[in-house]
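Keep in mind the model is a prediction, meaning the values are calculated, not measured.
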Amino acid sequence: MTGLQDVLQHPSIWRASDALQQESCTQQTQRHIPTGFSQLDKELPLHGWPKNELSEWLSPQWGIGELQLLSPALAQLSQQQRWIVWVSPPWQPYGPALIQQGVNISNVLLIYAKSNNEKLWAMETCLQSGACSMVLGWPNKVLPQQIKRLHLAARKGNSWCLLMRHSDHAQHASPAPLRVMARVAGAHVELQLIKRRGSWASHWIQFPHLLTASLTSTKPATSINETSPNVDLRQSLTPTNIMPMLHAPTLRND
Amino acid sequence: MLWICIYLPLLPLEVFTQKKQQGALVVEEKTNHRRQVLLANTEAYDAGISIGSSISTALSLVSTLSIKKKDEAAEWQALEQLATWAYQFTPYITLQEHTLLLEVESSLTLFKGKDALCKHLTDGLQQWGYQYSIACCSTAKSAHLLAKAKIRDRENKNLNKLFFHTDDIQQCPINLLDINEKTKASLLSMGLTQIKDVTCLPKDAINRRFGTGLSLQLQQVMGNTSDIQKNFSLPKTFDQSIHFTEELIHSSSLLFPLKRLLSYLENYLLARQLLCNSFVITFNEHSQQRHSLVMQLAQPHYRNDYFLSLIKLKLENINLQQPVIGIKVTARYFSPMTQQTRDLFLSYQEPAQSKHALIDTLTHRLGERSMHQIVINKDYRPEIAAQIRPISINLHNIDPNNTIKENDAHYDVKKTREKQRKITQTNNPQQDIDATIQTQHPELTRPLWLFQKPQPLHNKKGVPIYGERLQLIKGPERIETGWWDKQPINRDYYVAQHPTGVIYWVYVNREKGAPHQSSYTPKYQDNQWFLHGVFG
């Protein structure tokens with residue numbers, strides 16, 4: 001048995017489980033973007049989002065917290081003088097909120113394409129050009145070979161392609177090297193890496209919804225009606241939270 | 001002085017053959033009311049047609065012969081195209097019939113000697129596909145004479161070189177001189193066949209017999225008298241066209257002629273050291289109709305392959321209604337060519353394509369209205385605080401004052417000016433950010449997704465319903481503003497959580513003049529709730 005141990009000690013033997021343990025490789029630090037969440041960094045193969053690959057984001061619906069989980073990466077990428085392209089986002093990404101998250105919105109480019117083919121074409125062109133640090137795309141329908149193509153384009157243009165798809169597609173095979181599944185559970189957003197390099201699928205990683213976390217009352221506040229008038233207005237009355245009085249007076253509890 | 005003469009003996013024929021015509025072709029000329037063959041291509045020559053024979057003789061030899069009238073306008077256009085290209089060697093260019101004269105003395109240092117310069121020149125000339133003869137001498141007229149002589153007398157080994165001395169002229173035949181037929185005839189009848197025979201005669205005697213013209217010309221050839229040449233200067237705007245001998249039906253077949261026109265445009269832009277902001281391609285259709293394609297560029301450029309790649313994208317969307325018989329490319333708006341400075345220590349890989357070049361590529365396929373950027377305004381109204389605007393194409397990197405404008409009624413100057421104004425207003429959203437409300441009040445809760453149109457919600461006893469009851473978890477934040485323009489709002493914004501866990505941004509419309517409520521808890525019994533954003 002000592003023979004097997006010796007073989008495994010040999011430097012040219014690579015095991016998939018090693019990939020997660022390697023940390024101080026300079027090449028790798030250049031190839032990733034810190035997610036901003038330590039529990040997620042720990043699980044990702046490169047300890048961060050990939051920089052020049054395609055990843056899939058599977059979600060049962062939009063607006064459950066995907067942008068808040070991505071915003072540290074968006075903020076970091078937007079500092080490069082390259083575009084962050086959004087191809088047919090479901091709603092308008094709201095500028096003031098993006099600025100709050102530290103995103104340089106002068107590098108944000110929104111593309112609204114009519115047909116699905118045009119969406120995919122725009123994504124591929126942007127990825128290939130090398131003028132984009134990241135491309136987020138919401139195509140209606142994308143085939144495995146098209147995913148592969150987008151992945152190659154991302155490699156070529158050194159940009160991160162994030163393919164936003166419905167979580168129904170999780171059960172279908174995909175050539176994407178990283179697949180992230182999102183779901184919302186109560187006050188938490190949960191992510192599972194259902195496909196990643198060098199390891200099996202991860203467990204569900206919990207993130208408190210950033211907004212609810214920022215509010216002092218983590219317990220859900222009650223609605224405003226006669227039966228429960230205890231809306232937590234103390235929070236909104238602390239000096240930092242008062243809207244400027246010029247046009248928008250806050251309600252005061254006199 | 002070092003003059004290079006490029007003599008194009010077959011130019012009248014070559015302006016037609018460039019369009020890839022097959023079969024015998026002659027160019028006719030009318031002298032003394034007689035139509036005769038001026039030049040013939042190899043097919044016609046092999047069939048027995050000789051230069052100077054009458055058209056009817058030629059037709060009897062080849063019944064399918066195509067006859068073209070000498071097209072001087074086309075010849076000049078070809079010469080000008082060549083001159084634009086030759087502008088890279090010297091600014092002193094003179095155009096004469098079938099001839100291009102370049103004075104290159106001052107460019108010799110730049111090109112590292114006359115051998116290297118001539119190598120550049122001949123290599124470039126090969127690409128144009130014209131038959132040429134080239135000669136260098138110290139005066140313009142001698143270079144011209146020697147270039148002609150090289151064509152006439154190919155076997156002469158004395159002439160089989162590039163650089164000549166003015167003494168080499170002496171051997172040249174007299175009929176190369178630019179003199180009238182009568183003088184030529186009398187000189188020949190006197191037994192004076194070579195130039196040296198004339199130059200050794202006394203000047204007064206020549207003047208008395210043939211007038212001062214001949215001796216002046218000879219003086220100029222030898223460089224004893226000044227010979228002022230008219231300089232060719234580049235036109236202020238670019239306007240070149242190609243007419244096809246046959247009709248083109250497919251848009252893809254237009255690419256080849258377009259490529260040629262665009263390479264002329266590149267030469268022109270390089271010669272004037274300019275970049276092109278926009279240009280117009282006009283397709284002349286068979287029925288006298290014109291179809292124009294305006295190419296707007298986000299980034300001024302000069303490379304023809306770049307232009308072509310954009311046109312390819314645009315042509316995909318164009319269906320030719322009718323066959324095309326000609327193409328014209330016009331460019332009137334330029335900006336100065338500037339060297340871009342790059343960061344020495346780039347933190348990421350150098351982009352293969354610039355940001356603006358990408359916008360160009362996308363615009364020409366998807367249309368100008370599909371690209372948007374977020375613009376931040378100083379306003380409390382959420383939908384006005386950030387708006388998405390179509391990206392302002394063209395004039396991105398251009399200082400409007402630098403743009404060279406040419407007055408032309410055809411061109412939509414007004415539109416361009418408007419765009420310029422727009423870009424000066426909303427040039428860089430980043431500039432305004434420091435002054436926005438968000439940076440002044442970072443505590444404001446704003447959703448990452450905003451709906452373009454607020455979505456009305458049901459109201460059940462003052463509580464918004466979106467499928468299920470929404471729980472209000474933060475608020476209200478009252479926004480009552482905009483009374484000075486036509487979109488006043490009076491809203492209470494709440495952060496609301498859906499039972500599924502999704503957090504929305506909702507508001508309720510407060511009615512104007514609603515009775516003041518004693519309790520701080522507003523009751524929105526009869527008010528309309530709206531869904532305005534998602535905290536994604």
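Using a 4.5 Å cut-off between heavy atoms, B:P382 touches chain A through backbone and side chain atoms alike. Looking at B:I489, neither its backbone nor its side chain comes within 4.5 Å of chain A, counting heavy atoms on both sides. With a 4.5 Å cut-off on non-hydrogen atoms, A:C126 touches chain B through its backbone and its side chain both. Heavy-atom distances place both the backbone and the side chain of B:R365 under 4.5 Å from chain A.
If you tally non-hydrogen atom pairs under 4.5 Å between each of A:K114, A:Q92, A:Q61 and chain B, the highest count goes to A:Q92. Among the candidates A:Y112, A:W62, A:W121, the residue making the largest number of heavy-atom pairs closer than 4.5 Å to chain B is A:W121. Interface summary for chain A: among B:P464, B:S370, B:A386, the most heavy-atom pairs under 4.5 angstrom belong to B:S370. Interface check for chain A: of the options B:H372, B:R491, B:M371, the most heavy-atom pairs under 4.5 Å are formed by B:H372.
Using bins of under 30°, 30° to 60° and over 60° for the plane-to-plane angle, the ring pair A:Y94/B:W505 lands in the tilted bin.
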Working for side chain to side chain contact (heavy atoms under 4.5 Å, CB included), residues B:H498 and B:E468 | CA-CA 7 Å; B:H498 196 264; B:E468 290 173 69; 4.2 Å; yes
List the steps and the verdict of side chain to side chain contact (heavy atoms under 4.5 Å, CB included) for B:K312 and B:H364.
-> CA-CA 9 Å; B:K312 269 184 196 159; B:H364 287 105; over 6 Å; no
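Checked options A:K156, A:Q146, A:K119, A:R149; the residue passing with A:E124 is A:R149 (criterion: side chain to side chain donor-acceptor pair (under 3.5 Å)).
For the pair B:R381 and B:D485, the salt-bridge criterion is met [side-chain N within less than 4.0 Å of a carboxylate O].
A donor-acceptor contact closer than 3.5 angstrom is absent between the side chains of B:Q497 and B:Q471.
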